[in-house]
Amino acid sequence: MIEAHVFSYGQRHLYADEWDEWLRLRHQVYIEEKRWHEPNADRRETDQFDNDAATYILGLLDGKVVTSARLIPCNRPTLVSDVFPHFCERGGVPDRPDWIEWTRTLTVPELRSGGRQSILTQLCAAVMEYCLLEGAAKVGGIQELFFLPKWKHLGWTTTPLGLPQEIEGSGDCVVAFMDVNETALANIRSAMGTDRSLLHHRGERPR
Amino acid sequence: MQAGGHSVTDDDAFDFVARVDEHKTLDSLLTDLREQASRFGFEHLILTGVPVGGQRLEPLVALNGWPEGWFERYVANDYARHDAVCVHAAQSFRPFAWSEVPRQLLERPACRRIHGEATEFGLLSGYVVTMSSEHHWNTAVSFGSPEDGLVIDKRDRARLSLMATYAGAHAEDILGFSNQPRVLTDREAEVLTHFAVGRTAGMIAELLSISERTVVQHSENFRRKLGVKSTVHAVAVAIKRRLIMP
């Protein structure tokens with residue numbers, strides 16, 4: 001099982017090595033594999049949403065970063081509100097603090113196996129656990145339509161905020177948010193076959 | 001209003017998404033999805049796991065709304081191997097119209113014959129939505145129309161894709177795949193993944209800090225569970241069923 005370390009942007013100094021390792025992974029995945037942007041000279045990827053509003057979950061396995069999530073409350077600028085508001089024709093652009101935008105989830109290539117006990121499933125469980133602790137109502141964001149059924153397979157309910165549209169290089173995407181509740185956490189834990197917390201902190205729990 | 005006189009609104013799509021979980025049986029889900037599809041001009045549909053590597057179609061089908069007689073003929077003749085729409089569905093991460101399947105697949109003689117026969121059953125044009133599956137290589141909904149060259153616009157495509165995706169996810173739920181016990185343990189899947197990328201038992205033992213005998217034991221276990229005699233075959237089956245993704 002991963003150790004899912006939670007920290008705010010302001011606490012990233014507590015994870016200096018892991019943070020740098022993660023930015024390099026982001027560059028590999030989002031720039032070298034997916035070609036979302038032009039390469040950066042320092043081979044690290046960041047964007048305008050890496051700021052004081054963000055909380056991060058880094059999944060560590062034997063001390064190495066293997067998976068990740070960036071979580072931002074929707075009353076702050078988000079990828080959906082600033083870049084993809086036109087994907088929310090139906091539900092409106094989320095703007096509530098108890099809705100959390102979930103971005104920048106990657107898994108290192110050697111651990112991208114599918115299945116219910118995968119590293120990705122563990123990360124999803126950590127995200128749900130964090131959102132429940134924060135008192136969030138929904139968590140979600142822009143995602144590929146093709147993979148939308150995976151939430152259902154984990155026992156989560158999702159609501160689309162608009163119709164799917166094509167994003168060049170990423171296929172058909174949709175903005176959808178999942179319900180945060182105890183049932184969702186119980187379901188994913190039962191799929192994984194564990195009921196223990198995956199969350200870890202260095203220093204204070206971020207608020 | 002579409003060229004063929006069909007009419008669907010965003011409400012139709014989002015209402016379907018909102019009520020899809022209320023369907024407790026595959027039959028009622030099929031009836032609902034069919035009714036929606038017919039408003040786009042698609043009278044027929046099939047929702048199925050996409051067969052790969054010589055799998056037979058029949059056991060993978062969740063919703064069968066194909067024309068009377070066509071499904072039986074398709075299965076009896078194992079058309080899934082040669083039908084370009086089916087072959088392309090295994091490779092596509094995006095929805096596509098039948099007419100958008102790559103030419104080199106569509107124009108193979110075996111495929112042209114199948115599509116010729118399909119027209120006799122009222123299947124002239126169609127649209128496919130593919131999606132990830134927990135149980136199959138992937139899942140697809142194929143919608144078929146008796147109209148030759150039925151074109152649906154971008155917005156209708158989006159509406160139909162969204163409905164199909166929610167229908168596909170819910171169909172797997174009704175079938176209870178989510179509650180099935182997992183096939184391989186984490187360790188078995190890990191060992192098998194190492195074999196899949198060409199490592200030997202000795203190398204795997206060293207990598208995982210376990211004895212070679214334990215590696216062999218794991219191999220015997222996954223071969224037995226997958227019902228195969230060799231590790232090569234186990235790799236093939238496990239990849240197909242998405243138990244590993246080397």
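Below, chains carry the letters A, B, ... as their sequence lines are ordered, and counting in each starts from 1. Nothing here was measured: the structure is a model prediction, and the numbers come from that model.
The minimum heavy-atom distance between B/Leu162 and A/Gly162, with the atom names listed, is CD2-O, 4.4 Å. The nearest pair of heavy atoms linking A/Gly171 to B/Arg94 is CA-CD, 3.9 Å. Residues A/Pro149 and B/Ala169 approach most closely at CB-CB, 3.7 Å, considering heavy atoms.
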* **From CA spacing to verdict: side chain to side chain contact (heavy atoms under 4.5 Å, CB included), B/Arg159, A/Leu163** => CA-CA 6 Å; B/Arg159 292 166 175 146; A/Leu163 289 174; 3.9 Å; yes
* To do: I would like to know whether B/Asp11 and A/Arg90 meet side chain to side chain contact (heavy atoms under 4.5 Å, CB included); could you show each step before the answer?
  => CA-CA 9 Å; B/Asp11 281 345; A/Arg90 182 81 184 175; 2.7 Å; yes
* Checking side chain to side chain contact (heavy atoms under 4.5 Å, CB included) for the pair A/Leu148/B/Tyr166: CA distance, chi angles, key distance, verdict? -> CA-CA 8 Å; A/Leu148 205 61; B/Tyr166 272 84; 3.6 Å; yes
* Are B/Glu172 and A/His153 close enough, and set up right, to give a side chain to side chain contact (heavy atoms under 4.5 Å, CB included), and what steps lead you there? -> CA-CA 8 Å; B/Glu172 288 207 353; A/His153 302 150; 3.0 Å; yes
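Neither the backbone nor the side chain of B/Arg157 comes within contact range of chain A; no heavy atom of the residue lies under 4.5 Å from a heavy atom of that chain. For A/Glu89, the part lying near chain B is the side chain, with the backbone staying farther off; criterion is any non-hydrogen pair under 4.5 Å. Interface remark: A/Thr158 contributes backbone and side-chain atoms alike to the contact with chain B (heavy atom separation under 4.5 Å).
Taking 4.5 Å as the limit, some side-chain heavy atom of A/Phe146 sits within range of a side-chain heavy atom of B/Asn138. The shortest distance between side-chain heavy atoms of A/Asp172 and B/Pro95 falls below 4.5 Å.
Interatomic distance, CD of A/Glu110 versus NE2 of B/His194, reported as 10.0 Å (0.5 Å rounding).
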